[in-house]
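Numbers here simply count residues along the sequence, with the first being 1. No hydrogens, no waters, no symmetry mates; every other heavy atom, side chains included, goes into these values. Numbering of ligands and ligand atoms starts at 1, following listing order. Fair warning: this is a prediction, and the values are worked out from it, not measured in the lab.
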Amino acid sequence: MFKIAVVDKIHSDGIKLLEKNQKFQHEVIEDLSKKNLISKLPAFDGITLRRGKIDAEILEKCKNLKVISRHGVGYDNVDIKSLKKNNITLLVTATTASVSPAEHIMFMILNISKGKNFYDQAVRNGKFESIMHMKNNNNFELSNKKILIVGFGRIGRKLIKRCLGFEMKVYAYDPFVDKRIIESLGGIKVDDLNKSLKEIDILSLSVPLTEKTHNMINLEKMKIMKKSAVIINISRGGVVNERDLNEALNNKIIYGAGLDVFEKEPPTNANPLLTNENVLLSPHAATFTEECLSKMSIETVQNIINFFENKLDKSMIVKL
Ligand SMILES: NC(=O)c1ccc[n+]([C@@H]2O[C@H](COP(=O)([O-])OP(=O)(O)OC[C@H]3O[C@@H](n4cnc5c(N)ncnc54)[C@H](O)[C@@H]3O)[C@@H](O)[C@H]2O)c1
């Protein structure tokens, strides 16, 4: 019998899978405080992890732990060095967490290019007629606009199809992806990020948070961009510098932004973007569709079952 800690609630479809399998016993842990995790987790052989931080101190105490199965693809909430040192395998939901995020990027782009909730408010507030003669219409068509996708992995490759469907011109910056892959999907590979930033209308980020990508898009980069440009970040908070973004929006250095992720989650009142009307915000919700959450919960649990039954698809393993 393997003991599995389900750290943070997941969709019931994943839990049903665990319940059906006699070889596994599980406990859902909803209190994500370090105090609780450090006292509970040493008893388990495997962990499924949605939110919750598993640091080196916790991992040092987990002597039975063989595998962590992330509900998601980012793993900045786990101490990688300690996983490696203790020979713990890290798995991700490699096939199920990209369609909804790509759709979420489109939701943000469409919302911003069509005036956020402006029209809805206008109709409700009796401004139906006056909108027709509106001056300074900032709405724009997506057709023929240039989008730069930074990070051309699973999400980037789903996003390009959606952008091409809107007749956009798609550029991709990802030093680790071959030009032929980008071109075969209808994109143009970019080698010089700064040069491309000068020319594009929309920048969308789908990179992991690493030392290299932290603050990758700062004020200096925003100043290179067109004044009409829009930045969308669904990847991780900190890839776009929040203070710089606030300054760029306030000083009309760029036009708009959409953020699903924040340096500190949930963001505190000290975050100036919470009161900035030029940014569209969502609560780290890019995967929050019924389909995506169900499929991710199943994949998270199936990965851990496959690990213990020696049937694991290698593409789910993160190379540490
Ligand atoms: N908001 C959400 O709910 C949500 C959901 C899914 C994923 N994410 C985030 O989005 C990220 C991307 O997801 P994915 O599934 O496409 O991951 P992925 O690993 O398939 O793709 C990431 C791509 O980024 C590229 N990359 C790495 N460093 C780079 C750099 N310095 N410059 C340019 N490209 C770089 C990699 O080569 C890779 O192709 C995840 O790491 C995760 O943090 C967020």
Side-chain angles (χ1 to χ4, degrees), residues 8 10-11 49-51 53 70-78 80 90-109 147-163 171-182 184-185 187 189-197 200 203-218 221 231-240 257-263 265-267 280-289 291-293 295-297 299-300 315-320:
D8 200 14
I10 58 172
H11 193 284
L49 177 66
R50 196 173 175 192
R51 291 171 310 157
K53 197 169 165 59
R70 267 284 291 135
H71 178 284
V73 289
Y75 41 85
D76 37 277
N77 54 342
V78 192
I80 298 301
L90 177 64
L91 311 174
V92 292
T93 46
T95 69
T96 54
S98 50
V99 170
S100 281
E103 289 185 358
H104 201 82
I105 295 168
M106 293 312 293
F107 149 75
M108 290 191 141
I109 295 173
I147 182 167
L148 173 65
I149 301 176
V150 172
F152 200 69
R154 290 167 289 233
I155 295 174
R157 290 171 211 202
K158 290 281 190 286
L159 179 60
I160 189 170
K161 293 184 187 165
R162 284 146 182 86
C163 294
Y171 297 82
Y173 175 76
D174 191 326
F176 310 101
V177 174
D178 194 280
K179 182 181 178 182
R180 281 167 296 187
I181 293 177
I182 296 169
S184 72
L185 291 169
K189 183 167 165 91
V190 161
D191 294 315
D192 184 337
L193 179 60
N194 285 356
K195 189 163 170 266
S196 179
L197 286 177
I200 49 109
L203 166 66
S204 176
L205 297 146
S206 42
V207 284
L209 179 64
T210 63
E211 272 171 26
K212 278 232 168 93
T213 62
H214 187 234
N215 285 329
M216 182 182 203
I217 303 300
N218 55 15
K221 294 267 188 286
I231 297 177
I232 308 289
N233 184 21
I234 61 91
S235 63
R236 279 291 181 268
V239 173
V240 176
L259 294 187
D260 184 47
V261 286
F262 301 86
E263 190 120 33
E265 294 184 1
L280 172 67
L281 307 175
S282 64
H284 203 141
T287 56
F288 288 10
T289 59
E291 293 87 346
C292 190
L293 290 179
K295 285 187 274 185
M296 280 174 79
S297 74
E299 190 168 38
T300 306
S315 67
M316 306 291 171
I317 303 174
V318 177
K319 288 192 191 92
L320 299 174

- Message: I need the single residue from E299, R154, K295 that forms a side-chain hydrogen bond (donor to acceptor under 3.5 Å, both in side chains) with T96. Which is it?
- Response: E299

- One should read off an interatomic distance between I217 CD1 and L197 CG, to the nearest 0.5 angstrom, of 5.5 Å

- Query: Near ligand 1, which protein residues have a heavy atom under 4.0 Å away?
  - Reply: V73, G74, A97, P101, G151, F152, G153, R154, I155, Y173, D174, P175, F176, V177, S206, V207, P208, T213, M216, I234, S235, R236, D260, V261, H284, A286, T287

Can you give me every donor-acceptor pair (side chain of residues 280-289, partner residue at least two apart or in another chain, under 3.5 Å) with its distance?
residue, atom, partner, partner atom, Å
S282, OG, H104, NE2, 2.9
S282, OG, D260, OD1, 2.6
H284, ND1, E265, OE1, 2.8
H284, ND1, E265, OE2, 3.3
T289, OG1, S100, OG, 2.8
T289, OG1, C292, N, 3.1

- Taking only residues two or more places apart in sequence, or in another chain, which ones meet R236 in a salt bridge (Lys or Arg N to Asp or Glu O under 4.0 Å)? D76

- Note on the structure: With sequence neighbours left out, the residues meeting salt bridge (Lys or Arg N to Asp or Glu O under 4.0 Å) with R51 are D8

- Task: Using the side chain to side chain donor-acceptor pair (under 3.5 Å) rule, take T300 and S297 through it: C-alpha gap first, then chi angles, then the decisive distance, then the call.
- Result: CA-CA 5 Å; T300 306; S297 74; over 6 Å; no

